[in-house]
Participant: 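Okay, here's the structure, questions in a sec.
If you're wondering where the values come from, they're calculated on a predicted model, not measured in any experiment. Convention: sequence-line order gives letters A, B, ...; per-chain numbering from 1.
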Protein chains: 2
Amino acid sequence: MALRNVLQFIILGLLDQQPLTGYELTKAFDSDIGEFWSANHSQIYPQLRRLEQSGQITHQEEVSGEKLARKRYTVTTDGRAALNDWLSAETEPTVGGRDEFAVKMYFIKSPDDPRLAHMLAAQLGFHEQKLAHLKIQMTRKFPNGQNNNDYGHYLVLDHAIRRETAYCEWLRSANSKK
Amino acid sequence: MALRNVLQFIILGLLDQQPLTGYELTKAFDSDIGEFWSANHSQIYPQLRRLEQSGQITHQEEVSGEKLARKRYTVTTDGRAALNDWLSAETEPTVGGRDEFAVKMYFIKSPDDPRLAHMLAAQLGFHEQKLAHLKIQMTRKFPNGQNNNDYGHYLVLDHAIRRETAYCEWLRSANSKK
DNA sequence: CTAAATCATGTATTTAATTACATGTATAAA
DNA sequence: TTTATACATGTAATTAAATACATGATTTAG
């Protein structure tokens, strides 16, 4: 199977919600969706060009201030069809999702390793902070559990919270087993 | 920050446990460690060459049968030092760990989307199977919770089980919210 | 005996992704 | 007013990773 190029579909999906500029698309990967996919602007701008060349998106120029131009992209009918094909296709689960810390743990042979406690504590700090941030996002964006017109957004936030919760629990349990 | 090239350290870590061939290293990524890092043989063989050129590993030839030669690699003092440096260094958590299914979910706007139930069910099947497999591994490798001389191996298995458990719970909860 | 599966090692090509390079505008704060 | 930050868009160079190409030996099952 050829490499998937998932990025193109994510761009289509985001543009299907509302027309966006390259800059706004780049920012989208810093929040929400960034928990499960990341992309740099140096990937996004060339991909936009390719999507436009293949007729899946179009853009209109906008000018803010004197002369700062930006391109606001919109999905075409073709693009929307490609997006729906992708959404409807079977998704084989990501294997070997990379986690450098977990790999390091694999090489800690004994629960008495003098490095272990500090490693676990440092990593727990990171993930507790992330979890706290995600929970704030959740209450801010979905107060009273309201999620009718934005179910997907709620789902991925919930997913990220569960993931970080499990991660923290693992780190705490690893520390107490000593 | 330059790209990390974590693979080199994983190879050093595996060889530090016991001398291995390229083929055996490749197989190591199909089990255990494969839950948190993956690599093809086409990455591993060139990396072994580079590690040997920089004096971090050495090899001796072995022959099985008539003429099938294989190279069994061993870590040098330099290599062991590099491994320990890596283990002791701070690990920034992996951000944007990729999950194509989660991204798809982000684009499902309504809990009443007709595709949702099937998507969740299919994905749950995958992850339940994986979880079952991991649990079998755990009881096979660590009966009675014995994990004294191989704590790291136990930790990553536990980690993978917790991750898959949380994933399944998320999928079930996403389905019942409809 | 023979065919399939596994062992064993490499290279080449392509695609994906990161980092660095490059340039300029607009706005908000000091 | 000037300076820092954010807005805005691109390309170039490098590194990582996946897939495909390539070859051959050994073992195991039928």
Side-chain angles (χ1 to χ4, degrees), chain A residues 1-11 19-31 33-34 36-54 57 59-73 92 94-100 103, chain B residues 1-11 19-31 33-34 36-54 57 59-73 92 94-100 103:
Chain A
M1 164 197 31
L3 286 193
R4 306 289 332 274
N5 190 3
V6 174
L7 180 59
Q8 63 182 318
F9 301 114
I10 299 177
I11 290 176
L20 295 168
T21 66
Y23 186 80
E24 289 166 340
L25 280 165
T26 302
K27 277 196 306 174
F29 288 94
D30 293 336
S31 57
I33 210 167
F36 298 105
W37 207 272
S38 60
N40 299 81
H41 79 276
S42 58
Q43 270 179 281
I44 289 167
Y45 287 111
Q47 185 65 67
L48 284 170
R49 188 171 47 73
R50 286 193 293 271
L51 282 168
E52 188 159 44
Q53 271 169 357
S54 67
I57 61 176
H59 79 272
Q60 63 252 52
E61 290 257 327
E62 279 180 9
V63 179
S64 56
E66 262 329 91
K67 44 176 152 172
L68 182 57
R70 66 191 150 197
K71 298 175 183 171
R72 191 163 295 277
Y73 290 91
E92 72 252 64
T94 319
V95 290
R98 287 167 178 191
D99 182 339
E100 188 177 352
V103 173
Chain B
M1 162 197 36
L3 285 194
R4 307 288 332 273
N5 191 2
V6 174
L7 180 60
Q8 65 183 316
F9 301 115
I10 299 178
I11 290 175
L20 295 168
T21 66
Y23 186 79
E24 289 166 339
L25 280 165
T26 303
K27 277 196 305 175
F29 289 94
D30 293 336
S31 56
I33 208 168
F36 299 106
W37 207 273
S38 59
N40 300 82
H41 79 275
S42 60
Q43 273 179 279
I44 289 166
Y45 287 110
Q47 185 65 66
L48 284 169
R49 188 171 47 75
R50 287 193 292 272
L51 281 168
E52 188 157 46
Q53 272 170 355
S54 66
I57 61 176
H59 79 270
Q60 63 252 49
E61 291 256 327
E62 279 181 7
V63 177
S64 56
E66 260 333 89
K67 42 177 153 173
L68 182 57
R70 65 190 152 199
K71 299 174 182 172
R72 190 162 296 275
Y73 290 91
E92 71 252 62
T94 318
V95 289
R98 288 168 177 193
D99 182 339
E100 188 177 350
V103 173

Participant: Given atom CG of Asn40(A) and atom C1' of dT15(D), what is their separation to the nearest angstrom?
Facilitator: 13 Å
Participant: Quick one: His41(A) NE2 to dA6(D) P, roughly how many Å, whole number?
Facilitator: 16 Å
Participant: Which residues, if any, of residues 23-30 of chain A bring a heavy atom under 4.0 Å of DNA chain C?
Facilitator: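 Residues of residues 23-30 of chain A under 4.0 Å from DNA chain C: none.
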Participant: What is the distance from CG of Asn5(A) to C1' of dA17(C), rounded to the nearest Å?
Facilitator: 11 Å
Participant: Once side-chain hydrogen bond (donor to acceptor under 3.5 Å, both in side chains) is applied, do any residues pair with Glu100(B), and if so which ones, sequence neighbours excluded?
Facilitator: Arg4(A), Trp86(A)
Participant: Between Ile11(B) (CD1) and dA17(D) (C1'), how many Å, whole number?
Facilitator: 13 Å
Participant: Closest to the Arg98(B) side chain: dA17(D), dA18(D), dA17(C)?
Facilitator: dA17(C)
Participant: For Phe29(B), check ring pair (Phe, Tyr, Trp, His ring centres under 6.0 Å) against everything at least two apart and list the hits.
Facilitator: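 Listed in chain order: nothing, the list is empty.
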Participant: Could you work out, with salt bridge (charged side-chain N to carboxylate O under 4.0 Å, His left out) as the rule, every residue matching Arg49(A), not counting sequence neighbours?
Facilitator: none
Participant: Can you tell me if Arg98(A) uses its side chain to pair, donor with acceptor, with the backbone of Ser38(B) under 3.5 Å?
Facilitator: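 Pair found, side chain donor or acceptor close to backbone of Ser38(B).
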Participant: Would you mind reading off the distance between Lys71(B) atom NZ and dA25(D) atom P, rounded to a whole angstrom?
Facilitator: 17 Å
Participant: Partners of Gln8(B) by side-chain contact (heavy atoms from CB on, under 4.5 Å), sequence neighbours excluded?
Facilitator: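 Here the qualifying residues are Asn5(B), Gln47(B), Leu51(B), Gln56(B).
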Participant: Just how far, in rounded Å, is P of dC7(C) from CD of Glu61(B)?
Facilitator: 19 Å
Participant: Can you see which heavy atom on Tyr45(A) is nearest to which on Tyr23(A), and at what distance?
Facilitator: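 Heavy atoms of Tyr45(A) and Tyr23(A) come nearest at OH-N, 3.4 Å.
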Participant: Output the rounded distance in Å from CD (Gln53(B)) to P (dG10(C)).
Facilitator: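 Atom CD in Gln53(B) sits about 12 Å away from atom P in dG10(C).
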Participant: For Ala28(A) and Ile33(A), work out which heavy atoms get closest and say how close.
Facilitator: O-CG2, 3.1 Å
Participant: What's the shortest heavy-atom distance between Asp99(A) and Thr94(B), and which atoms?
Facilitator: CA-OG1, 3.6 Å
Participant: With a 4.0 Å heavy-atom cut-off, tell me which residues in residues 43-52 of chain A come close to DNA chain D, sorted by residue number.
Facilitator: Tyr45(A)
Participant: Which residues satisfy the salt bridge (charged side-chain N to carboxylate O under 4.0 Å, His left out) test with Glu24(B), sequence neighbours excluded?
Facilitator: Arg72(B)
Participant: Need to verify one output field. Residue with the more 5' nearest nucleotide on DNA chain C, Ser42(B) or Ala39(A)?
Facilitator: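 Looking at DNA chain C, the more 5' nearest nucleotide goes with Ser42(B).
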Participant: Could you tell me the separation between the NE2 atom of His59(B) and the C1' atom of dT9(C), rounded to a whole number of Å?
Facilitator: 12 Å
